[in-house]
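We name chains A, B, ... by the order of the sequence lines, and we start the count at 1 in each one.
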There are 2 protein chains.
Amino acid sequence: MPRGECRGQGWWHGKFRGCGYRLTLGREVILDILSKSEGHLSAEDIYMKVHPKYPSVGLTTVYRTLDVLSSLGMVYKLDFGDGRARYEFAEGPKGAHHHHHLVCTDCNKVIDYTDFIDDEIELLNQTEKGLSKKYNFKIANHLIQFYGLCEKCSAKK
Amino acid sequence: MPRGECRGQGWWHGKFRGCGYRLTLGREVILDILSKSEGHLSAEDIYMKVHPKYPSVGLTTVYRTLDVLSSLGMVYKLDFGDGRARYEFAEGPKGAHHHHHLVCTDCNKVIDYTDFIDDEIELLNQTEKGLSKKYNFKIANHLIQFYGLCEKCSAKK
DNA sequence: TTATTTAGTGAAAACCATTTCCATTAATAG
DNA sequence: CTATTAATGGAAATGGTTTTCACTAAATAA
């Protein structure tokens with residue numbers, strides 16, 4: 001991804017600048033990786049993908065950029081209980097394929113599911129409204145995860 | 001909590017022994033603290049509460065015991081994103097007052113809510129059934145958290 | 001354009017919750 | 001009571017993440 005192809009073209013350009021953040025090579029590259037990758041990448045995963053092409057981008061910058069992206073709501077920071085944070089792209093304004101997670105407590109495998117999402121979301125919206133009012137809480141986001149054993153791990157037992 | 005008052009009396013005695021775990025002073029004390037405390041305690045919180053009366057119980061044992069309790073399903077291990085795990089008592093078999101969480105992303109305050117829980121649980125049960133079948137996943141537990149700004153923090157802005 | 005300002009950066013060091021190591025202690029079985 | 005071995009405490013190690021600091025470069029002013 002040569003710089004010229006991207007600079008100023010992504011829909012996120014304005015978002016960065018609008019919040020007073022500078023648009024740097026590192027940030028573009030990391031955002032690019034995230035937007036193109038399925039799944040849940042750790043900071044190190046991202047560093048590994050970035051480093052071959054852009055050895056000048058360090059792990060520190062990956063962490064710092066993920067923080068910024070996270071605070072801008074462009075990336076979700078997730079915890080699956082294995083001691084390292086995972087990040088996933090937040091899919092722009094249309095929230096294209098929102099999903100929830102099934103987490104295997106044995107092998108830490110994570111399955112994204114979109115089944116039942118519509119019903120879940122509908123209920124969540126109601127719940128959010130009620131909770132916001134009752135607790136004066138400005139809800140920005142939610143997390144739903146199911147924990148258990150994946151097919152392989154429950155067979156092993 | 002003198003040892004004699006407790007040894008062999010708690011409903012968890014059998015659970016421990018049945019799983020091949022020994023019933024030790026440390027485990028009893030930690031379980032006692034958890035069962036009497038409202039809220040979400042970190043390992044260090046628990047250590048601080050235990051240490052004055054039982055200085056012989058070390059932080060390592062707290063961690064180890066929490067692991068055991070967690071694997072027995074007697075305690076839930078929670079993550080609110082502030083870098084340390086929190087633990088809460090799982091309320092025995094009747095699941096007395098199951099609740100979900102509202103987490104403030106600014107001050108890390110956590111509100112337990114039980115409102116809307118019935119509808120949520122009902123939907124979750126359906127969803128669980130569907131997911132279990134489709135993905136051959138044995139669901140043992142779920143996590144629902146809403147993230148946002150608490151009253152104080154949204155006023156500050 | 002060039003100069004100025006200051007946000008952003010890489011590398012190494014620090015941080016800190018948690019885990020591991022190991023010699024010792026104590027709960028349970030016989 | 002004795003033997004067995006799970007459990008323990010304290011210190012050290014671990015490892016993901018954050019901080020420090022001197023340096024670089026993006027944005028802005030001249």
Counting the atoms with a prime plus P, OP1 and OP2 as sugar-phosphate, which does A:Ser56 contact under 4.0 Å by heavy atoms, base, sugar-phosphate, or nothing?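 Sugar-phosphate only.
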Does B:Tyr135 form a side chain to side chain donor-acceptor pair (under 3.5 Å) with A:Asp115? I'd like the steps, not just the answer. CA-CA 11 Å; B:Tyr135 296 102; A:Asp115 320 82; 2.8 Å; yes
Closer than 3.5 angstrom, by distance alone: can the side chain of [X] be matched with the main-chain N or O of [Y] as a donor-acceptor pair?
{"X": "B:Thr105", "Y": "B:Gly148", "answer": "yes"}
{"X": "B:Ser35", "Y": "B:Asp32", "answer": "yes"}
{"X": "A:Thr65", "Y": "A:Arg27", "answer": "no"}

Look at the side chain of B:Leu23 and decide which nucleotide, out of D:dT17, C:dT28, D:dA27, has an atom nearest to it.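 Nearest to the side-chain atoms of B:Leu23, counting from C-beta on, is C:dT28.
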Are the ring centres of B:His100 and A:His142 closer than 6.0 Å?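 Not close enough - the centres of the two rings lie 6.0 Å or further apart.
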Tabulated below should be each protein N or O lying under 3.5 Å from an N or O of nucleotides 12-17 of chain C; please produce it.
| residue | atom | partner | partner atom | Å |
| --- | --- | --- | --- | --- |
| C:dA17 | OP1 | B:Arg84 | NH2 | 2.6 |

Partner of A:Arg86 under salt bridge (charged side-chain N to carboxylate O under 4.0 Å, His left out), chosen from A:Asp79, A:Asp45, A:Asp112: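 Of the listed residues A:Asp79, A:Asp45, A:Asp112, the salt bridge (charged side-chain N to carboxylate O under 4.0 Å, His left out) partner of A:Arg86 is A:Asp45.
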Please name all residues satisfying side-chain contact (heavy atoms from CB on, under 4.5 Å) with B:Ser71, sequence neighbours left out, ordered by chain then number.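 B:Tyr21.
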Which is more 5' along DNA chain C, the nucleotide nearest B:Asp67 or the one nearest B:Arg17? Just name the residue.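 Nearest-nucleotide comparison on DNA chain C picks B:Asp67.
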Separation of [N] [atom2] from [X] [atom1] (nearest whole Å):
{"X": "B:Asp79", "N": "D:dT17", "atom1": "CG", "atom2": "P", "answer": "11 Å"}
{"X": "B:Asp82", "N": "D:dT18", "atom1": "CG", "atom2": "P", "answer": "12 Å"}
{"X": "A:Asn108", "N": "D:dG16", "atom1": "CG", "atom2": "P", "answer": "13 Å"}
{"X": "A:Tyr47", "N": "D:dT17", "atom1": "OH", "atom2": "P", "answer": "15 Å"}
{"X": "A:Ile30", "N": "C:dG8", "atom1": "CD1", "atom2": "C1'", "answer": "12 Å"}
{"X": "B:Leu41", "N": "C:dT18", "atom1": "CG", "atom2": "P", "answer": "13 Å"}
{"X": "B:Arg27", "N": "C:dT28", "atom1": "CZ", "atom2": "C1'", "answer": "13 Å"}
{"X": "A:Glu28", "N": "C:dG8", "atom1": "CD", "atom2": "C1'", "answer": "14 Å"}

List the steps and the verdict of side chain to side chain donor-acceptor pair (under 3.5 Å) for B:Glu28 and B:His13. CA-CA 9 Å; B:Glu28 285 180 58; B:His13 185 189; over 6 Å; no
Given B:His101, which partner from the list B:Phe146, B:Tyr147, B:Phe80, B:Tyr113 fulfils the ring-ring contact (aromatic ring centres under 6.0 Å, His included) test?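 Only one of B:Phe146, B:Tyr147, B:Phe80, B:Tyr113 forms a ring-ring contact (aromatic ring centres under 6.0 Å, His included) with B:His101, namely B:Phe80.
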Taking the nucleotide of DNA chain D with the nearest heavy atom to each, does B:Leu59 or A:Ser42 sit closer to the 5' end?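 Nearest nucleotide further toward 5': that of B:Leu59.
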Give a yes/no answer on whether the side chain of B:Thr24 brings an N or O atom under 4.0 Å of OP1 or OP2 in D:dT8.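 Yes, because at least one side-chain N or O of B:Thr24 sits under 4.0 Å from OP1 or OP2 of D:dT8.
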With respect to the phosphate group of C:dG8, does any side-chain polar atom (N or O) of A:Arg64 fall under 4.0 Å of OP1 or OP2?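 It does not, given that no N or O in the side chain of A:Arg64 lies less than 4.0 Å from OP1 or OP2 of C:dG8.
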Please write out the pairs of protein N or O atoms and N or O atoms of nucleotides 3-5 of chain C separated by less than 3.5 Å, giving the distance to one decimal.
none

